[in-house]
Amino acid sequence: MTGEYDPASPRLYFLRHGETDWNAEGRLQGRQDIPLNTLGREQAARAGKTLVKILRSRRLDPATLPYQCSPLLRTRQTLEIARANMGLPPEGGMIDDRLVEFTFGAWEGLTWPEVCARDPERGKARRSISGIFSRRAARAMRNWLKG
């Protein structure tokens, strides 16, 4: 392959972490350090196989690209499994604290119905709260991209 990473013209490929038991239960994870479950590990493996095909179709050498993730276990596991399934050393990614998930505070570990039962007023505002978190995530991503 002739393609190599060009920092002057980066192209980003995002992988969301694989499923955790808390995802399957509908629990708000935030910054809780929850590991991948069996399905999540399978998803990470499939993502790695898909990503390597995409990169090769674009004539990019996966070994020349930088890989980064949040410091949380589920993201590190996803990156390591994906890289292994790309034929790369699993430990080759970099951890970047700026990519850490936003927090749900006291709601972490709860499902939305539990949030609504404990805090009905804020629970009713779920859509606007989700929008706030989405805007915070977008702002964090812009800051990360700026370096």
Side-chain angles (χ1 to χ4, degrees), residues 1 3-56 58 60-116 118-119 122-123 125-147:
M1 266 180 265
E4 290 194 23
Y5 174 66
D6 177 6
S9 180
R11 181 173 284 170
L12 301 176
Y13 297 90
F14 292 93
L15 293 182
R16 185 180 187 277
H17 64 77
E19 184 182 80
T20 69
D21 286 342
W22 279 24
N23 289 133
E25 296 166 7
R27 297 197 178 282
L28 302 175
Q29 293 181 115
R31 293 192 178 170
Q32 299 302 305
D33 213 7
I34 311 301
L36 296 179
N37 62 20
T38 300
L39 177 58
R41 290 188 292 276
E42 292 169 3
Q43 291 169 334
R46 283 194 309 270
K49 291 173 185 174
T50 300
L51 181 57
V52 77
K53 287 178 187 176
I54 291 169
L55 295 173
R56 289 182 176 154
R58 295 192 171 134
L60 294 170
D61 181 351
T64 66
L65 302 176
Y67 297 83
Q68 298 179 355
C69 70
S70 154
L72 293 180
L73 179 60
R74 60 188 174 268
T75 63
R76 294 190 331 263
Q77 288 176 321
T78 299
L79 179 59
E80 290 170 0
I81 293 167
R83 283 179 54 87
N85 281 272
M86 295 171 72
L88 300 173
E91 67 281 348
M94 295 180 350
I95 294 172
D96 190 324
D97 290 337
R98 295 173 296 171
L99 297 175
V100 72
E101 286 75 353
F102 51 81
T103 182
F104 285 98
W107 292 355
E108 289 187 1
L110 301 177
T111 63
W112 278 112
E114 291 168 340
V115 168
C116 291
R118 289 184 186 192
D119 193 348
R122 289 190 178 149
R126 176 181 177 183
R127 289 179 192 243
S128 63
I129 290 168
S130 295
I132 290 167
F133 286 126
S134 296
R135 286 189 296 279
R136 284 183 185 169
R139 190 169 43 249
M141 184 58 62
R142 279 193 302 275
N143 291 337
W144 175 76
L145 288 170
K146 289 178 186 175

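All residue numbers refer to positions in the sequence shown, counting from 1. Since the model is a prediction, treat every value here as computed from it, not as a measurement.
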* Could you tell me the separation between the CZ atom of Arg83 and the CD atom of Glu80, rounded to the nearest 0.5 Å? => 9.5 Å
* Without swapping roles, check the side chain of Asp33 against the backbone of Leu73 for a donor-acceptor pair under 3.5 Å. => yes
* Answer yes or no: is there a side-chain heavy-atom contact under 4.5 Å between Arg46 and Gln43? => yes
* Side-chain (Arg31) to main-chain (Glu101) donor-acceptor, under 3.5 angstrom -> yes
* To do: Only counting residues at least two apart or in another chain, list the ones meeting side-chain contact (heavy atoms from CB on, under 4.5 Å) with Ile95.
  => Cys69, Pro71, Arg76, Asp97
* Asked: When rounded to the nearest 0.5 angstrom, what distance separates CG in Leu12 from CD in Gln68?
  -> 9.5 Å
* Are the side chain of Tyr67 and the backbone N or O of Pro62 linked by a donor-acceptor pair below 3.5 Å? -> yes
Less than 3.5 Å apart, which donor and acceptor atoms pair up between the side chains of residues 21-28 and the rest of the protein, not counting sequence neighbours?
from: Asp21; atom 1: OD1; to: Asn37; atom 2: ND2; distance (Å): 3.3
from: Asn23; atom 1: OD1; to: Thr20; atom 2: N; distance (Å): 2.9
from: Asn23; atom 1: OD1; to: Thr20; atom 2: OG1; distance (Å): 3.2
from: Glu25; atom 1: OE1; to: Arg27; atom 2: NE; distance (Å): 2.9
from: Arg27; atom 1: NH1; to: Gly109; atom 2: O; distance (Å): 2.8
from: Arg27; atom 1: NH1; to: Glu114; atom 2: OE1; distance (Å): 3.0

* Please step through side chain to side chain contact (heavy atoms under 4.5 Å, CB included) for the pair Tyr13 and Leu55, ending with a clear verdict. => CA-CA 9 Å; Tyr13 297 90; Leu55 295 173; 3.6 Å; yes
* Structure fact -> The reported gap from CD in Gln32 to CZ in Arg74 (rounded to nearest 0.5 angstrom) is 8.5 Å
* Structure fact -> Nearest heavy-atom approach of Ser70 to Leu99 is CB-O, 3.4 Å
* **side chain to side chain contact (heavy atoms under 4.5 Å, CB included) assessment of His17 paired with Gln29** => CA-CA 12 Å; His17 64 77; Gln29 293 181 115; 3.7 Å; yes
* **Verdict with reasoning, Leu36 to Ile81, per side chain to side chain contact (heavy atoms under 4.5 Å, CB included)** => CA-CA 11 Å; Leu36 296 179; Ile81 293 167; 4.1 Å; yes
* To do: Evaluate the criterion side chain to side chain contact (heavy atoms under 4.5 Å, CB included) for residue pair Leu72 and Val100; output intermediate values, then yes/no.
  => CA-CA 7 Å; Leu72 293 180; Val100 72; 4.3 Å; yes
